[in-house]
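Note that the coordinates shown come from a computational prediction; the quantities given were computed from them, not determined experimentally. Hydrogens, waters and symmetry mates play no part in the numbers below; they use all other heavy atoms, side chains included.
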Amino acid sequence: MKKRSLPLSLGFLAGLSVGALAVSAAQAVEFERVPVTSDFCAEGAFYADFDQDGNTDLTYGAYIFYGPDFKKKEAYREAKPFQPTGYSDQFLCFTDDLNKDGFPDIIQVPWPGTDGFWYQNPGKNGGEWKKFFISQEIGNESQVYVDVDGDGQKDLVFNRNGYMGFASYDPNDTTAWKWHAVSEKDDKYQRYFHGIGAGDVNSDGRNDVIDSKGWYENPGKDAPNFNGVWKYHSFEFADRASTMCVFDVDGDGLNDVVCAWDAHLYGLVWWKASKAADGTMTFEKNEIQPVDPANPEGKISYTQMHAIDYADINGDGLIDFVTGKRWWAHGPNGDKEANFPAVLYWYECRRENGKTWFVPHKIDDNSGVGTQITVGDINGDGKQDVLSGNKKGCTLFIQK
C-alpha cells in the first residue's frame with residue numbers, strides 16, 4: 001500500500017506569541033491516507049475492536065473491515081450494492097457494548113424515517129449477529145449518540161413522526177428502546193429534517209437537545225416534566241444545519257455552538273454563548289466560512305457540509321473540529337457545486353489576545369463527509385484520526 005502524507009503548512013508560526021510557540025510541535029499535523037474500499041456502502045462509518053484481538057476494526061455499511069490493515073472484510077448483516085447516484089440503507093452507525101459482554105455491538109441508523117436496529121456481537125466464538133429493534137421512523141439525517149438522561153448510557157437523538165426526542169436502551173427490554181419525546185408535535189420534524197445535536201447548552205451540567213431553530217432545556221431526570229415536553233428556547237442557529245456541536249470554543253466556561261449554516265449550501269458558523277444573571281442564554285454569530293455564496297473576502301468556501309465531529313486534533317488543549325463536502329448528496333445535479341472535489345478539512349481553534357478563531361487545514365480532496373464523519377484515536381497512539389464513509393467509499397486518515 002502506497003502511503004500519502006498531507007503536511008500542514010507551518011507558515012503561520014511567524015509572529016505567534018511565546019505561548020503559542022510552546023505548542024507549535026502539537027500543531028504540526030500530518031495524516032496518512034488509508035483507502036479501505038471504493039464501494040458505496042453507507043453515508044457514515046465507525047470503529048471498534050470487534051473481535052477483541054487488540055487491533056481496531058472499522059464498520060461501514062453491512063461490513064466489518066478487520067484491522068490492522070482492513071483488507072479482510074465480513075458482512076454482519078445482509079449486504080446490498082448501492083450506486084452513488086442513489087442512496088444506501090444506512091446513513092450513520094455507532095458502536096457500543098450494549099449487553100456488557102466485552103464485545104462491541106453495532107447501532108445501525110437507517111434511511112431517514114425507517115426502522116432502526118442494533119446488531120449484537122456474537123463474541124469470541126463467532127456466528128450470527130443477532131438483530132434487535134431500536135425504533136420505528138428514525139428521522140433526521142445526522143443523528144447523534146449522547147447520554148441525554150444522565151444514566152451513563154448513551155442515547156440516540158432523533159426526530160420521529162413530528163416530535164423531537166431521544167431513545168434510550170434498556171438492557172432488560174430488548175423489544176425496543178424507550179422513546180422520549182421532548183417537544184410538542186411540530187410538522188417541521190419530518191423525516192428529512194436537518195440540524196440536530198445534544199450538549200450542555202446552558203452549562204448547568206445536563207445535556208440539552210438542540211436543533212437548527214432552538215434548543216430544548218433538559219430539566220433533569222428528577223424533574224416532573226423530564227418525561228414530558230421540555231422548555232424550548234427559540235433561536236435561529238442555522239437555516240438547515242447538519243450535526244450541531246456544543247463545546248466551549250473560547251474558553252470562557254460557557255459552551256458555544258458550531259454548525260453548518262446550510263447542510264447543502266454555504267456557511268459555517270460558531271455561536272458565542274453568553275449567560276445573563278437570570279440564566280437567559282444569548283448567542284453571537286461568528287462566521288468561519290461565509291454564508292454569502294458571493295464570498296467577497298475570498299475565504300475557503302464549499303457546499304454540502306453535511307456532518308461535523310469535534311476533538312482536540314493537534315493536542316494543544318483546545319477543541320477543534322472536522323467537516324467537509326458531502327459529494328453527490330442529491331446526485332450529480334442536485335446541489336450547488338455537486339461535482340466539485342470532495343474536500344475534507346480540520347479546523348484548528350486558535351486563541352490569542354482575547355480573540356478566538358478557527359484556521360482550516362485541508363486533509364484530503366477526494367473523500368469528504370457523508371451524513372457522518374468520525375474522529376477518534378483509531379490506531380491507539382494517542383492522536384486523533386479521521387474516518388470518512390460516503391459515496392466515495394470508506395477512507396481512514398491516520399494522524400502521523
Hey, does the side chain of Asp312 reach the backbone of Ile319 with a donor-acceptor pair shorter than 3.5 angstrom?
no

Could you check whether the rings of Tyr216 and Tyr232 sit parallel, tilted or perpendicular, using 30° and 60° as the cut-offs?
tilted

Less than 4.0 angstrom from a charged side-chain N to a carboxylate O is my criterion; do Glu141 and Arg326 meet it?
yes

Listed once per pair and sorted, the side-chain hydrogen bond (donor to acceptor under 3.5 Å, both in side chains) pairs that draw on residues 286-301, sequence neighbours left out
Gln289-Tyr347

According to the interplanar angle, ranging from 0 to 90°, do the rings of Trp230 and Phe226 count as parallel (below 30°), tilted (30 to 60°) or perpendicular (above 60°)?
tilted

Is it the case that one hydrophobic cluster holds both Phe91 and Phe82, taking links as side-chain heavy atoms less than 4.5 Å apart, direct or via other members?
yes

NZ (Lys355) with more than 12 external heavy atoms under 6.0 Å:
no

Look at the side chain of Asp208 and the backbone N and O of Asn218, then say whether any donor-acceptor pair between them is shorter than 3.5 Å.
yes

Looking at every heavy atom in both Gly370 and Ala307, which two are closest together, and how far apart are they?
O-CB, 3.7 Å

Min side-chain heavy-atom separation Val343-Asp364 under 4.5 Å
no

Within 45 degrees of the ring normal and closer than 6.0 Å to the centroid, is that where the cationic atom of Lys391 sits relative to Tyr87?
yes

Step-by-step side-chain contact (heavy atoms from CB on, under 4.5 Å) determination, Asp57 to Tyr47:
CA-CA 6 Å; Asp57 314 305; Tyr47 64 96; over 6 Å; no

After noting the C-alpha distance and the side-chain angles of Tyr310 and Trp346, does the key distance pass the side-chain hydrogen bond (donor to acceptor under 3.5 Å, both in side chains) rule?
CA-CA 9 Å; Tyr310 60 97; Trp346 76 275; over 6 Å; no

Point-to-point distance, once rounded to the nearest 0.5 Å, from CD of Glu43 to CG of Asp89:
11.0 Å

Classify the ring geometry between Phe358 and Phe247 as parallel (under 30°), tilted (30 to 60°) or perpendicular (over 60°).
perpendicular

Closest approach of Ile308 to Cys259 (non-hydrogen atoms, all atoms of both residues):
CD1-CA, 3.9 Å

Rounded distance (nearest 0.5 Å) linking atom OG1 of Thr303 with atom CD of Glu337
4.5 Å

Exceeds 12 heavy-atom contacts within 6.0 angstrom, atom CD of Glu184
no

Out of Leu98, Asp96, Ile134, which residue meets the side chain to side chain contact (heavy atoms under 4.5 Å, CB included) rule with Tyr169?
Leu98

With salt bridge (charged side-chain N to carboxylate O under 4.0 Å, His left out) as the test, would you mind laying out the steps for Asp250 and Lys272 before giving the verdict?
CA-CA 8 Å; Asp250 54 2; Lys272 177 180 170 53; 2.6 Å; yes

With rounding to the nearest 0.5 Å, note down the distance linking CG in Asp316 to CZ in Arg350.
9.0 Å

Under a 3.5 Å distance rule, please check whether Asp97 uses its side chain to pair with a backbone N or O of Lys100 as donor and acceptor.
yes

Is it the case that Ser203 and Asp200 place a side-chain donor and acceptor less than 3.5 Å from each other?
no

When you group the ILVMFWY residues by side-chain heavy-atom contacts below 4.5 Å and let the links chain together, are Phe235 and Val201 in the same group?
yes

If we ignore hydrogens and angles and just use 3.5 Å, is the side chain of Thr56 paired with the main-chain N or O of Asp49 as donor and acceptor?
no

Are Trp215 and Phe166 grouped together when hydrophobic residues (ILVMFWY) are joined by side-chain heavy atoms under 4.5 angstrom apart?
no

Output, in order, the C-alpha distance, side-chain angles, deciding distance and verdict of salt bridge (charged side-chain N to carboxylate O under 4.0 Å, His left out) for Lys154 and Asp147.
CA-CA 4 Å; Lys154 291 182 179 180; Asp147 183 7; over 6 Å; no

Ring centers of Phe283, Phe237 separated by less than 6.0 Å:
yes

Any side-chain donor near an acceptor of the partner, Tyr76 and Gln108, under 3.5 Å:
no

Worked check of side-chain contact (heavy atoms from CB on, under 4.5 Å) between His233 and Thr280:
CA-CA 9 Å; His233 302 267; Thr280 301; over 6 Å; no

Please check if atom NZ in Lys285 has more than 12 non-hydrogen atoms from other residues, nucleotides or ligands closer than 6.0 Å.
yes

N/O donor-acceptor pair under 3.5 Å between Thr395 side chain and Ser388 backbone
no

side-chain contact (heavy atoms from CB on, under 4.5 Å) evaluation trace for Thr374 with Phe46
CA-CA 6 Å; Thr374 301; Phe46 217 82; 3.6 Å; yes

Could you walk me through whether Phe70 and Phe65 pass ring-ring contact (aromatic ring centres under 6.0 Å, His included), step by step?
CA-CA 5 Å; Phe70 314 112; Phe65 295 83; 8.1 Å; no

Any donor-acceptor pair under 3.5 Å linking the side chain of Thr37 with the backbone of Cys394?
no

Would you say the side-chain atoms of Ser212 and His194 include a donor-acceptor pair closer than 3.5 Å?
no

With clusters defined by side-chain heavy atoms of hydrophobic residues (ILVMFWY) lying less than 4.5 Å apart, directly or transitively, does Tyr189 cluster with Phe158?
no

Give, for atom CD of Gln143 and atom CG of Asp155, the distance between the pair rounded to the nearest 0.5 Å.
14.0 Å

Tell me every residue that passes side-chain hydrogen bond (donor to acceptor under 3.5 Å, both in side chains) with Asp173, counting only those two or more places apart in sequence or in another chain.
Thr175

What are the two closest heavy atoms between Ile196 and Asn159, and how far apart are they?
CD1-N, 4.3 Å

In short, side-chain hydrogen bond (donor to acceptor under 3.5 Å, both in side chains) pairs touching residues 114-136 with sequence neighbours left out are Ser135-Arg160

For the NZ atom on Lys392, are there more than 12 heavy atoms of other groups (residues, nucleotides or ligands in this structure) within a distance under 6.0 Å?
yes

Taking Val375's backbone N and O only, do any of them form a donor-acceptor pair with Asp309's side chain (distance below 3.5 Å, no angle check)?
yes

Answer yes if Trp261 and Phe321 sit in the same cluster of Ile, Leu, Val, Met, Phe, Trp and Tyr residues linked by side chain heavy atoms under 4.5 Å apart, and no otherwise.
no

If only atom types and distance count, is the side chain of Gln372 paired as donor or acceptor with the main-chain N or O of Leu92 below 3.5 Å?
no

Check for me whether the distance between the ring centres of Tyr345 and Tyr302 falls short of 6.0 Å.
yes

To the nearest 0.5 Å, tell me how far Glu30 CD sits from Ile398 CD1.
14.0 Å

Quick one: do Lys73 and Ile64 satisfy side-chain contact (heavy atoms from CB on, under 4.5 Å)? Show the steps, please.
CA-CA 5 Å; Lys73 74 175 182 179; Ile64 294 171; over 6 Å; no

Measuring from atom CD1 of Ile107 to atom OG1 of Thr59, what distance do you get when rounded to the nearest 0.5 angstrom?
11.0 Å

Measure from NZ or CZ of Lys72 to the centre of the six-membered ring of Tyr66, then state whether that distance is under 6.0 Å and the direction lies within 45° of the axis.
yes

Kindly say whether Ile313 contributes a backbone atom to a donor-acceptor pair with the side chain of Asp320 at under 3.5 angstrom?
yes

Could you tell me whether Lys213 and Asp211 make a salt bridge, using a distance below 4.0 angstrom between a side-chain N and a carboxylate O?
no

Where the side chain of Tyr60 meets the backbone of Cys41, is there a donor-acceptor pair that is under 3.5 Å apart?
yes

